[in-house]
Amino acid sequence: MSTAPNRRAVAVILLIPLLVTLALWAFAWPAARIAPRDLPVGVAGPASAAQQLEQRFEQREGAFDVHRFDDEAAARTAIGDRTVYGAVVVTPQGPHLLTASAASPVVSQLLREAVTASVPEDTPVRVTDVVAAPPGDPRGSALGASVLPLALAGMAAGAVVTLMGLRGARAAVTLIGAAALVGLAATAVAHSWLGALTGDWWTVAGVLALTVLAIGSAVAGLAALFGSRGIGLGALLMVLLGNPFSGVTSAPELLPEPVGAIGQWLPPGAGGSLLRSVAFFDGSAAGAAVLTLSLWTLFGLASVLFARRAPMPAEPVEPAREPALTG
């Protein structure tokens, strides 16, 4: 009796626990190790007082990357440019904390706790949310929850195009069309209905579409290069790693190293950062994310257009016919 079915059964028995373990590591480990790691913050005010405050931040070695500003106006500008997540302005009345909950509600709360703990108990801390999260999503929950559906949409587009046997220009056009429709539909829900996103409607739709296109074309491109194994590799990169490593629910600087950096090199993380920039910060600090998404898109589409992949299981190759024998 053939042992092939037995081998496949053993492979499934071993593979499922391995995948579950990998998923728990990818999703649970970063979430359980959230802490500031070179988190960019600002300090402004008179030199002597600002220096003391800066030293208090630096006591937590490796936690904060402190930037010095001359005054409150410069600190506000840096927050709007996404140079820092927040800043502490030293005033005669006490510290004045500037935050940006639109950049990360988790970081805003962390800064409140850090500044409150660094001053005497009877010292009031005034807090101003310079770039506030929208009323429709004050905790950033909807934005954080949007990454996984986008990753799944791109994953599905790339896999379906591959399994349907679409190739070349037809596959590229299909990927672009599907991404565009997903971008419009997602913007209608998140921007128009939920109010979780602000900013220019069409720009937000373009960012969502570009994110889905980068994921979908990358999956289809990997499948064009490696066959059905490329779909699995795409799922690993875009869903299993890209989603938890994106830092959208907290911030890349709060994730363990080098998880935060890796997440920004993958389309889900780059798409989440770009979405924050265009939705709340008028496109500030969007260049790196645009470059990342564009490179993944170009790689995927170029592979789809020019790679010669082996036929998928759904595309059986007809056996060659034996020539007819003549008498």
Side-chain angles (χ1 to χ4, degrees), residues 30-144 195-196 198 247-257 260 272-273 276-277 279-282 284-285:
R33 297 292 184 267
I34 285 181
R37 296 171 176 85
D38 290 326
L39 184 71
V41 298
V43 173
S48 58
Q51 185 176 7
Q52 293 178 2
L53 187 58
E54 181 178 354
Q55 291 174 351
R56 292 174 187 172
F57 275 116
E58 291 176 345
Q59 286 177 354
R60 298 178 61 178
E61 186 175 354
F64 297 100
D65 178 19
V66 183
H67 298 242
R68 289 285 294 273
F69 301 107
D70 294 333
D71 51 28
E72 180 177 335
R76 285 175 175 266
T77 300
I79 293 173
D81 292 340
R82 301 200 72 186
T83 303
V84 295
Y85 280 90
V88 184
V89 182
V90 181
T91 69
Q93 295 76 27
H96 181 196
L97 175 61
L98 306 177
T99 64
S101 59
S104 172
V106 176
V107 171
S108 297
Q109 182 61 33
L110 184 150
L111 290 177
R112 291 189 185 201
E113 296 173 355
V115 173
T116 302
S118 66
V119 299
E121 293 184 2
D122 57 346
T123 303
V125 178
R126 185 160 61 99
V127 180
T128 300
D129 200 347
V130 177
V131 186
D137 188 26
R139 295 180 179 84
S141 302
L143 178 60
T198 58
V248 176
T249 57
S250 54
E253 293 84 358
L254 298 183
L255 300 180
E257 297 178 350
S273 296
R276 284 193 190 278
S277 292
F280 309 125
F281 295 91
D282 296 325
S284 297

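Between Ser284 and Arg82 the shortest heavy-atom distance is O-CD, 3.7 Å. In terms of heavy-atom proximity, Ala114 sits nearest to Phe64 at CB-CZ, 4.4 Å. Minimum interatomic distance between Tyr85 and Pro252 (heavy atoms only, all atoms of both residues): OH-CD, 3.8 Å.
Separating the CZ atom in Arg76 from the CG atom in Asp81 is a distance of 13.5 Å, to the nearest 0.5 Å. Here CZ of Arg56 is found 12.0 Å from CD of Gln51. Values are rounded to the nearest 0.5 Å. One finds the OG1 atom of Thr99 at 4.0 Å from the CG atom of Asp129 (value rounded to the nearest 0.5 Å). Distance check, rounded to the nearest 0.5 Å: CZ of Arg37 to CG of Asp65 gives 15.0 Å. In this structure, CZ on Arg126 lies 8.5 Å from CG on Leu98, to the nearest 0.5 angstrom.
There is no side-chain donor-acceptor pair under 3.5 Å between Gln59 and Gln55.
Formation of a donor-acceptor pair under 3.5 Å by the Ser277 side chain with backbone atoms of Ser273 is found in this model. Of the possible polar contacts, one joining the Ser108 side chain to the Ser104 backbone as a donor-acceptor pair under 3.5 Å is found.
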Checklist line | Stepwise side-chain contact (heavy atoms from CB on, under 4.5 Å) check, Glu257 with Asp38 | finding: CA-CA 10 Å; Glu257 297 178 350; Asp38 290 326; 4.1 Å; yes

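Ile34 places none of its side-chain heavy atoms less than 4.5 Å from the side chain of Leu110. Side-chain contact between Val248 and Leu143: present, with at least one pair of heavy atoms (C-beta onward) separated by less than 4.5 Å.
The side chain to side chain contact (heavy atoms under 4.5 Å, CB included) test with Pro40 is passed by exactly one of Ile79, Val66, Val84: Val84.
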